[in-house]
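Structure first, then comments.
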Amino acid sequence: MEEKGFFQTRAGRLTIAFCIIMVAFALMLNGLRLNNDILCLVGFLLTAGALLYSPMEGHLYARLKKIER
């Protein structure tokens with residue numbers, strides 16, 4: 001059995017998603033402080049993508065793996 005690194009496990013990938021959310025939060029705060037709509041939008045898109053990662057992986061990826069078998 002091959003050992004996986006931490007970031008190759010589900011917990012590791014969710015940790016990466018959490019870090020992306022924290023960076024996006026900082027971008028949105030700076031965008032609000034600087035009155036920059038682009039930074040706010042980028043932060044929002046990063047947050048939305050990171051939050052949608054888990055359901056996408058859990059449902060769609062599992063469904064695609066079933067189809068391949």
Side-chain angles (χ1 to χ4, degrees):
M1 189 168 149
E2 185 179 324
E3 287 189 35
K4 292 182 178 180
F6 176 70
F7 292 109
Q8 294 174 342
T9 64
R10 180 173 172 87
R13 291 189 299 266
L14 289 175
T15 301
I16 292 171
F18 175 75
C19 292
I20 290 171
I21 291 170
M22 291 297 105
V23 169
F25 181 68
L27 279 175
M28 286 189 287
L29 284 179
N30 281 324
L32 289 171
R33 185 174 60 88
L34 299 173
N35 201 16
N36 188 338
D37 291 339
I38 300 298
L39 277 180
C40 289
L41 179 64
V42 169
F44 175 76
L45 292 175
L46 282 173
T47 301
L51 288 174
L52 289 174
Y53 168 75
S54 182
M56 295 290 277
E57 180 194 29
H59 296 289
L60 294 180
Y61 184 67
R63 191 174 290 176
L64 290 174
K65 280 178 76 173
K66 276 186 182 179
I67 292 172
E68 287 178 2
R69 291 183 185 178

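None of the values given here were measured: they were computed from a predicted structure.
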Members besides Phe6 in its Ile/Leu/Val/Met/Phe/Trp/Tyr cluster (side-chain heavy atoms under 4.5 Å): Phe7, Ile16, Ile20, Leu27, Leu34, Ile38, Leu39, Val42, Leu46
Counterpart residues, side chain to side chain donor-acceptor pair (under 3.5 Å), relative to Ser54 (two or more places apart): Arg10
Atom pair CG/CG of Asn36 and Asn30 - distance to nearest 0.5 Å: 9.5 Å
Distance, nearest 0.5 Å, that separates CD of Glu3 from OG1 of Thr9: 12.0 Å
Please give me the minimum heavy-atom distance between [X] and [Y], naming the atom from each residue.
| X | Y | result |
| --- | --- | --- |
| Ala24 | Gly43 | CB-O, 3.2 Å |
| Ala17 | Ala50 | O-CB, 3.6 Å |
| Cys40 | Gly31 | SG-C, 3.6 Å |

Single-linkage hydrophobic cluster Leu14~Leu52, side-chain heavy atoms < 4.5 angstrom: no
